Amino acid sequence: MKERIIGQVKRVNGPVIEAMGITDAMMLELVKVAESRLIGEIIKLEGQNAVIQVYEDTTGVCPGDNIYGSGMPLSVELGPGLIGTIYDGIQRPLEDIYKISGHFIEKGIQVSSLNREKKWNFVPEDIKLGSPINGGAIIGSVQETDSINHKILVPLGLSGVIKSISPKGEYLVTDTVAVIETRDGDKNITMLQNWHIRKPRPIKERLPLNIPLITGQRVIDTLFPIAKGGTVAIPGGFGTGKTMTQHAIAKWCDADLIVYIGCGERGNEMTDVLNEFPNLIDPRTGKSIMERTVLIANTSNMPVSAREASIYTGVTIAEYFRDMGYHVAVMADSTSRWAEALRELSGRMEEMPAEEGFPAYLPTKIAEFYERAGYMKTLCDKDGSVTLIGAVSPPGGDFSEPVTQHTKRFVRCFWGLDRQLANARHYPAISWHNSYTEYLYDVIPWWEQHAGPTWADDRAFMMELLQKEVRLQQVVKLVGPDALPDSQKFIIETCTMFKNAFLQQNAFDNIDRYSTVEKQMRMLEIILTYYKRGAETIKRGVTLVTLKQMSVYQDIIKMKFNVPNEDLNLLDKLMAKLERAMDKVESVYVKN
């Protein structure tokens, strides 16, 4: 639809513009403001007046400037070319913008989200002409990267019969690759389609969340697992490692595709992401991780309203790939900056504030975002999922502030970062006391099938030991460690070993940075065997000092560095060595 004048600017209040004389406009319509064509969205309509949220700097906009309507909502372009691209919050490719305007984004700059000049090798599906077809069906594919075979989908809401389909060959995203005969006439299908970012894409049905997202981070996979299609919050104060935790998950998790949203983050952090991600090697393919990544960079110095839109842009792209049958992990860093954008825009619109100045609809917005996660049966009868991993940045690390508290209501997994652990260089700094997961009982069958039938019991036993250690540490603070018997000191000693040898992980070590499911299970078994055998020997009179002096003790501490994922026989040898050492200690004691 061509642009048309729908009104004029009445008042400018930062990124919020009041318009007058509005005609022929609709709620959430994409508009362009003034002659510089600043991109905006109608967020309030009242008679002939409207409130417009502008996604660019409004400096220079004056009362009386024209407002142009587009007749469509704020949407993203979906099609080949998304993978490996770096966008801003409203899906403008930053690399293309840099070529045009240099280091700073010019106001009103118009750049296509997808490359209109690049040709893609389209391979049609084997579809019989004249057969019925509906929205979401696959009509062909494009091998976009070595990792992603991009499925070309019929636009949602369209149904009819296949009239023609193009042969295999090179096509632009705007070229017609199929024609569908509908009740309203023939519709040309291209590889490019648009979708309203605030509207979830439809699915056939929701499926149970019973397959874990394996991250390779032991504290997550073993203690607080998340299911594919699940939701998780990572709250923590400044410097506790939210961004680095998301980086590790993005690189090592078994999702097919990553959508990383830098929402209101500092420019230097996003610079690190943009510099590091292209150089990271995907462990599954041996090529750049950018071949399965879409980056959305909306730093804290960019327009605040674009920050509010960036979250929806990212999750819409994730849903699009989910509809092809892929498992997508979305990293939102951070939802606190998104909530702050809502607060600022709400204040400029003079809405009644709720707690700490946030708008009263903050819980609704958070719920709408996290509800877009899930493990789905798509319209093309494939299984796909969107997993939402949202970082939360509570001021001063206060988990009682509104964004953290409301987020906890709508997520089923909580990885609370601990300042003391971060200060002690214990990473990931996920607290085993403040964190929890509600996916545990859903994923136990998978773990017992792939790791071993004792996984759930071993995990529960270790969690119980960690709880006992908390109570014993309180006693130590009151009366000192010497007041405890060796049996209780051994619990503290075992938990310390578990923290250092299992929970703490070195992202810069080639062996320790990622642990397979099998390695995690075997490491846990060794530590629990050490505790169970050791506790029995202590009952028979063996001292704690004797157990710590065994050479195998240091081998257990160092096993995370010394045992590669592909050589787990070394863990079998370590277990055998542990059993022999315990037998020797017991035999010496019996003789004495």
Side-chain angles (χ1 to χ4, degrees), residues 203 205-236 242 245-246 248-250 252-256 258 315 318 322 326-332 335 366-367 369-377 383-392 399 404-417 428 430-464 466-467 502-503 505 515-518 520-521 524:
I203 46 95
E205 65 174 311
R206 285 182 175 266
L207 301 175
L209 307 182
N210 52 22
I211 301 175
L213 179 75
I214 302 302
T215 66
Q217 310 306 301
R218 293 184 292 267
V219 65
I220 293 174
D221 293 343
T222 298
L223 295 191
F224 310 108
I226 179 177
K228 285 182 179 178
T231 53
V232 62
I234 312 179
K242 298 182 298 296
T245 301
Q246 288 188 317
I249 296 172
W252 295 108
C253 76
D254 61 348
D256 300 314
I258 304 296
V315 75
R322 174 209 66 197
Y326 288 116
H327 299 287
V328 187
V330 178
M331 312 291 162
T335 55
I366 294 175
F369 170 64
Y370 283 106
E371 279 300 313
R372 294 178 73 165
Y375 198 106
M376 317 293 196
K377 177 72 73 175
D383 291 352
S385 68
V386 173
T387 306
L388 294 182
I389 303 173
V392 185
F399 288 4
T404 307
Q405 288 300 307
H406 290 312
T407 300
K408 287 179 71 174
R409 293 168 54 193
F410 305 115
V411 300
R412 292 184 59 196
C413 195
F414 188 83
W415 300 334
L417 300 181
I430 296 175
S431 168
W432 44 88
H433 304 309
N434 298 330
S435 304
Y436 63 85
T437 178
E438 296 178 6
Y439 298 110
L440 178 62
Y441 294 105
D442 298 321
V443 302
I444 281 178
W446 187 96
W447 270 94
E448 291 184 340
Q449 178 183 353
H450 292 82
T454 63
W455 180 83
D457 292 336
D458 288 351
R459 179 197 175 276
F461 192 96
M462 195 67 239
M463 290 296 291
E464 185 179 349
L466 291 172
Q467 293 302 322
F502 191 92
L503 297 183
Q505 213 161 335
S515 289
T516 62
V517 167
E518 295 81 6
Q520 294 182 43
M521 182 64 188
L524 181 60

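Values reported hereafter were calculated over all heavy atoms of this structure, with side chains retained and with hydrogens, waters and symmetry mates removed. If you read the sequence from its start, that first residue is 1, and numbering goes on from there. Owing to the predicted nature of the structure, the values given are computational and were not obtained by experimental measurement.
Donor-acceptor pairing under 3.5 Å is recorded for the side chains of Gln520 and Thr222.
In summary, of the residues considered (Thr437, Thr407, Thr404, Ile234), a side-chain contact (heavy atoms from CB on, under 4.5 Å) with Phe414 occurs for Thr404 alone.
Partners of Ala227 by side-chain contact (heavy atoms from CB on, under 4.5 Å), not counting sequence neighbours, listed by chain and number: Leu209, Tyr439, Val443. Every side-chain hydrogen bond (donor to acceptor under 3.5 Å, both in side chains) that Asp442 has, sequence neighbours left out, goes to Arg412. Every residue was checked against the ring-ring contact (aromatic ring centres under 6.0 Å, His included) condition with Tyr370, not counting sequence neighbours, and none meets it. When the side-chain contact (heavy atoms from CB on, under 4.5 Å) test is applied to Asp383, the partners found at least two apart in sequence or on another chain are Leu207, Tyr375, Lys377. Checked against side-chain contact (heavy atoms from CB on, under 4.5 Å), Ala318 has the following partners two or more places apart in sequence or in another chain: Val259, Val328, Val330, Val386. Every residue meeting the side-chain hydrogen bond (donor to acceptor under 3.5 Å, both in side chains) condition with Ser385, not counting sequence neighbours, appears here in chain and number order: His327.
A side-chain donor-acceptor contact under 3.5 Å links Arg459 to the backbone of Leu223. Looking only at distances, a side-chain donor or acceptor of Ser431 sits under 3.5 Å from a matching main-chain atom of Asn434. Without hydrogens or angle criteria, Lys242 side chain to Gly236 main chain gives a donor-acceptor distance under 3.5 Å. Within the 3.5 Å criterion, the main-chain N or O of Thr215 finds a donor-acceptor partner in the side chain of Asp221. When atom types are taken as modelled, the side chain of Trp415 and the backbone of Phe224 share a donor-acceptor pair closer than 3.5 angstrom. The backbone N or O of Gly229 sits less than 3.5 Å from a side-chain atom of Thr387, completing a donor-acceptor pair. Panel note: side chain Arg218, backbone Leu503; no donor-acceptor pair is recorded below 3.5 Å.
Remark: Ile226 CD1 to Leu213 CG distance equals 6.5 Å, nearest 0.5 Å. Between the CD1 atom of Ile389 and the SG atom of Cys253 there is a distance of 6.5 Å, given to the nearest 0.5 Å. To the nearest 0.5 Å, the span separating CD on Glu438 from OG1 on Thr231 amounts to 8.5 Å. Atom CD1 of residue Ile220 and atom OG of residue Ser435 lie 9.0 Å apart, to the nearest 0.5 angstrom. Distance CD1/Ile214 to NE2/His450: 9.0 Å, rounded to 0.5 Å. For the atom pair Met463 CE and Gln467 CD, the distance stands at 6.0 Å (nearest 0.5 Å).
In this structure, Glu518 places its CD atom where more than 12 heavy-atom neighbours from other residues, nucleotides or ligands lie under 6.0 Å away.
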(request) Test Phe410 against Leu388 for side chain to side chain contact (heavy atoms under 4.5 Å, CB included), laying out the working first. (result) CA-CA 11 Å; Phe410 305 115; Leu388 294 182; over 6 Å; no
(message) Walk me through whether Gln217 and Ile430 qualify under side chain to side chain contact (heavy atoms under 4.5 Å, CB included).
(response) CA-CA 11 Å; Gln217 310 306 301; Ile430 296 175; over 6 Å; no
(request) For the pair Asp458 and Met521, evaluate side chain to side chain contact (heavy atoms under 4.5 Å, CB included) and give the outcome as yes or no after the intermediate values. (result) CA-CA 9 Å; Asp458 288 351; Met521 182 64 188; 3.3 Å; yes
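Smallest separation of non-hydrogen atoms from Leu440 and Pro225: CD1-CG, 4.3 Å. In terms of heavy-atom proximity, Gly374 sits nearest to Met376 at CA-CE, 3.7 Å. Of all heavy-atom pairs between Phe399 and Pro235, the closest is CZ-O, 3.6 Å.
When side chains are defined from C-beta on, Pro428 counts as touching Gln505, because their heavy atoms get closer than 4.5 Å.
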